[in-house]
Structures are given as C-alpha cells and as structure tokens.
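The structure under discussion appears below in the form of structure tokens.
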Amino acid sequence: MNSSSDDLERYQTHEPENLQERYAHRAAHMKPSEIRALFAVASRPEIVSLAGGMPNLSAIPMEMMAGIVERLVREHGQEALQYGSGQGHPLLREQICDVMALEGIKANLNDVLITTGSQQALDLISRIFIDPGDVVLVEAPSYVGALGTFAQYEAGVVHVEMDQNGLIPDALRQAIKSLRYQGRKIKFLYLIPNYQNPAGVLLPADRRAEILDICRSEKVFIVEDNPYGLLGFNRPSPNAMRAEDSENVIYLGTFSKTIVPGFRIGWTLVPQSLKEKLVIASESSILCPSNFSQMAIAGYLANQPWREQIASFCSLYKVRRDAMLSALDAHFPRAATWTRPEGGFYIWVTLPPEIDTKAMVPRAIAAKVAYVPGTAFYADGFGSWSLRLSYCYPTPERITQGVMALSKVVEQEMSSRGITG
Ligand code: PMP
C-alpha cells in the first residue's frame with residue numbers, strides 16, 4: 001500500500017491502542033482528532049482541500065518578517081533567547097490591550113496572560129475548572145480543538161442549539177434549567193461569537209446581551225473565544241462580550257489569524273479573581289511563553305501597519321468567500337443549505353439527513369476534494385449530514401473547482417438514495 005492509501009486507511013479505521021493498562025485513566029479520553037488523518041490526505045497536491053483552517057500567509061510580506069526576526073536576535077538576543085515571565089512580556093501585554101480596544105474592551109495589562117496560542121488557554125481553563133462529569137456548554141456545532149480538550153478533562157459536553165444568528169438564548173435557558181434539574185454541575189459556556197468555527201455565523205449584539213444576563217444570573221462563566229473577530233468583511237463585528245462584563249467572561253485572543261500562527265502567541269484576559277490560578281497552571285505546563293515569539297510579535301505591532309495588514313487579510317478572504325458562495329449557489333443541489341458568513345474562514349453545509357458525510361469522504365477524496373464531516377464538531381455523534389468547508393487557503397479558482405467536484409459527489413449520493421433536488 002502506498003503512503004496516501006495508508007493515510008486514507010488510517011482515517012477510516014483509527015489504529016487500535018495497546019498500552020491501555022499502563023496509561024493513566026484520563027488517557028482513555030485522548031483520542032486522535034477525527035480530522036488529523038484526514039488532513040494528511042487532504043494535503044496531497046492534487047486534492048483541493050476545503051478541510052483545513054490554515055490562515056493564508058500569502059498576505060504577509062516575508063521580507064519584513066525576516067527583518068524583524070533578524071533584528072530581534074542581533075539587537076535583543078540576550079533577552080529574546082532567554083526565559084521570560086510566566087505571565088508574559090509586559091510590552092506585549094500592553095499592546096494586546098490596544099488590539100482588544102478595537103472590539104470595545106477596556107483592559108489592564110495585569111489581567112492579560114500570554115499563552116502558547118489560544119489552544120493552551122483552553123487547556124488551562126479546562127484544567128482549572130473541569131472535574132470528570134462536570135458540564136461544559138458549547139454551541140451546536142463547536143470548535144473541534146476545544147471539544148478535544150474538554151473531552152480529555154472528562155467533561156460532559158452539552159451542545160446548545162444555534163441558528164443563522166448563533167447561539168439561541170432560549171435554548172441556553174432551557175439547557176441550564178434541565179441540567180440543574182438533573183443535579184449536574186455546569187462549569188462554563190464556551191462560545192465563539194464571531195464568524196464561528198465551524199458554522200461561520202455571527203452572534204448579534206442583542207443576543208450577546210441576553211446570553212451575558214443569563215450566565216451572570218445563573219453563575220455560569222462564559223469562555224469567549226475570539227480568533228476571527230477582526231476578520232469581518234463588511235463592517236466591524238459587535239463589541240466583544242468581555243467589553244460588557246469583566247467579572248463573568250474569560251476572553252481568549254490569538255495572533256494566529258491576524259498575524260501568523262507560527263509564533264504560537266495567544267492570550268487570555270481573565271477576571272482578576274482567576275488570574276493567579278491561571279498563571280500557576282501555565283507555569284506548570286510551559287514555565288513561560290516563548291520570549292522570542294512574544295518579542296517578534298511586539299516588534300511587528302510596534303513597527304508595522306498591522307491594522308492595514310488585517311484589512312488586507314480581510315480582502316483576501318472576502319474574495320475567497322465570494323468564490324465559494326458563488327460556486328455553491330451555481331452548482332450545489334437545491335436540497336442542501338449553507339451559511340453565508342460575513343467574515344472568518346468557514347461555511348457550514350447541511351445536506352438531506354439520509355447522507356452520511358463521513359462515509360462520503362473517500363468518494364470526495366477520489367473526486368479530488370476534501371472537507372471536514374460534521375460529526376467532528378459534535379461531542380455526541382450528531383452532525384452526520386453536515387460538513388464544514390473552509391475557503392481561507394486555496395485560490396478562488398481552486399475553490400470553484402473543489403466545490404464543483406463536491407457538488408457532483410453529493411448529487412451522486414443523493415441519487416443513489418433516491419433523493420431529488
Ligand atoms: N479557537 C478557535 C475557534 C479556532 O478556530 C482555533 C484555531 N483554528 C483556535 C482556538 C486555536 O488557535 P491558536 O492556538 O492558533 O491560537
């Protein structure tokens with residue numbers, strides 16, 4: 001078998017684990033992400049990958065980055081290549097407060113903790129809050145990387161219904177009521193209000209206010225994950241939820257989508273009462289975030305027109321979003337529906353319920369297109385007739401080609417089940 005069919009085989013079967021007896025109990029919950037093996041297949045050059053969420057770094061002037069990195073080592077090497085503070089570099093924490101001000105947040109640098117991407121912040125928050133069986137509320141669907149982290153801490157993940165405008169406040173009220181009735185402990189609500197991953201939807205200001213009220217009065221923390229908030233195509237997104245509530249919202253930010261992911265710099269802005277625990281937890285996992293990466297980002301923010309750079313990312317993604325929506329409108333079967341994002345990277349497609357998008361992956365790969373099946377974004381096996389498409393990375397031409405190929409695969413699936421439309 002060649003390596004690409006190996007990858008596909010692995011994706012379909014998952015290798016069995018044989019060290020079970022020697023692992024800690026919690027290791028049983030460390031499962032390979034449904035999409036990791038898929039990405040190996042999707043990265044083959046002949047495949048149009050509408051699967052990954054990799055930012056498109058063609059918008060970044062690499063010579064300029066090279067200059068920043070070179071100057072950093074030459075002029076500040078003694079500090080940049082040394083250990084740093086557990087909470088993060090004060091200059092960068094101050095600059096982060098300016099970045100967050102764009103979304104209405106008034107913050108003090110003392111409440112910012114720099115993390116190794118926002119993924120590390122998800123891990124730290126889970127470590128501090130989740131005992132086995134505790135409930136974490138999430139949107140339906142939700143970010144695969146967060147679901148994986150919550151699962152490792154043995155949370156009971158409960159999805160709350162969303163629609164074209166994000167999480168539905170009444171559904172949240174109902175979920176809290178029924179979980180409390182069952183005697184379950186709810187630790188926090190995790191949500192991505194801007195251009196959600198994977199659904200692409202935006203939570204409007206009135207719903208933000210309502211959700212803030214519900215969570216405050218029910219004493220449920222909100223973990224607001226905001227990687228895409230500055231990537232709106234038409235108008236700025238509403239104020240961050242953290243802007244309206246500094247006591248009950250734990251805010252996560254990252255430079256992965258607005259600068260580059262390679263430095264692995266994210267942050268969390270926490271209520272004062274939580275800061276010490278988070279810093280201790282972070283020190284025990286990484287001692288300190290990379291000084292080199294932090295100072296590179298700080299140099300970039302201090303010397304480059306970063307707002308203009310974000311605007312150029314937005315134009316690049318908007319062209320790709322338009323290409324994907326036009327191709328879906330022109331070619332996809334009428335029985336399917338999809339979201340129309342106003343920012344970010346993703347479109348969520350819903351097919352007729354008879355279609356199993358996970359079983360369809362090998363046929364899509366054979367047609368040279370990859371996507372992520374919907375079940376990856378649910379902790380409970382739901383989502384089997386949906387899928388996520390990303391438009392961030394391929395060229396508009398490749399996006400059109402990929403959507404056309406996928407349309408044919410979906411049509412064949414439908415006609416083999418006697419579905420019309
Ligand atoms: N949250 C969401 C919603 C994401 O989409 C991602 C990256 N795909 C992350 C967190 C993690 O980002 P990073 O660790 O690169 O900051």
side-chain hydrogen bond (donor to acceptor under 3.5 Å, both in side chains) between Q119 and T149, intermediate numbers included: CA-CA 9 Å; Q119 193 66 35; T149 304; 3.2 Å; yes

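- The environment of R417 atom CZ is dense: over 12 non-hydrogen atoms of other residues, nucleotides or ligands sit within 6.0 angstrom.
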Steps toward side chain to side chain contact (heavy atoms under 4.5 Å, CB included) verdict (M360, V409): CA-CA 8 Å; M360 192 172 80; V409 174; 3.7 Å; yes

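- Checking Y317 against N56 by side-chain atom types alone, no donor-acceptor pair falls below 3.5 Å.
- Taking the charged nitrogens against the carboxylate oxygens, E247 and R216 have no contact shorter than 4.0 Å, which rules out a salt bridge.
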Step-by-step side chain to side chain contact (heavy atoms under 4.5 Å, CB included) determination, I250 to F129: CA-CA 12 Å; I250 303 168; F129 283 107; 3.9 Å; yes

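- For OH of Y393, the number of neighbouring non-hydrogen atoms (other residues, nucleotides, ligands) closer than 6.0 Å is 12 at most.
- The residue from Y143, Y195, F233, Y228 that alone fulfils the ring pair (Phe, Tyr, Trp, His ring centres under 6.0 Å) condition with F345 is Y228.
- Not less than 6.0 angstrom separates the ring centroid of F382 from the ring centroid of H159.
- Here T395 contributes atom OG1 and Q401 contributes atom CD; the two are 8.0 Å apart, rounded to the nearest 0.5 Å.
- Residue L387 is tested with T350, V349, L50, I347 for a side-chain contact (heavy atoms from CB on, under 4.5 Å); the sole match is V349.
- Using a cut-off of 4.0 Å between Lys/Arg side-chain N and Asp/Glu carboxylate O, E413 and R363 are scored as salt-bridged.
- Here the side chains of T420 and M414 are not in contact, with every heavy-atom distance at 4.5 Å or above.
- Residues Q120 and S282 have side chains that bring a donor and an acceptor to within less than 3.5 angstrom of each other.
- With salt bridges taken as basic N to acidic carboxylate O contacts below 4.0 Å, one links R207 and D163.
- Residues I222 and M241 form a side-chain contact, since some pair of their non-hydrogen atoms from C-beta on lies under 4.5 Å apart.
- Between L406 and V403, every side-chain heavy-atom pair lies at or beyond the 4.5 Å cut-off.
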Residues Y153, D123; criterion side-chain hydrogen bond (donor to acceptor under 3.5 Å, both in side chains); working and verdict: CA-CA 9 Å; Y153 287 93; D123 187 72; 3.0 Å; yes

CA sep, side-chain torsions, deciding dist, call: F150, Y190, ring pair (Phe, Tyr, Trp, His ring centres under 6.0 Å): CA-CA 10 Å; F150 303 152; Y190 167 75; 5.5 Å; yes

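- Classification of the W267-Y251 ring pair by plane angle, with boundaries at 30° and 60°, yields tilted.
- Between D134 and I186, the closest side-chain pair of non-hydrogen atoms is not below 4.5 Å.
- The shortest side-chain heavy-atom distance between V41 and V361 does not fall under the 4.5 Å cut-off.
- The existence of a salt bridge linking E218 and R180 is confirmed by a sub-4.0 Å separation between a basic side-chain nitrogen and an acidic carboxylate oxygen.
- The shortest distance between side-chain heavy atoms of L203 and N194 does not fall below 4.5 Å.
- Contact annotation: the side chain of F221 never approaches that of C215 to less than 4.5 Å [non-hydrogen atoms, C-beta and beyond].
- Salt bridge present: D329 and R340 bring a charged side-chain N and a carboxylate O closer than 4.0 Å.
- Counting only N and O atoms by type, the side chains of Q309 and T258 include no donor and acceptor under 3.5 Å apart.
- With hydrogens and angles left out, the side-chain atoms of R242 and N226 include no donor and acceptor closer than 3.5 Å.
- For F255 and Y300, the ring centers are positioned 6.0 Å apart or more.
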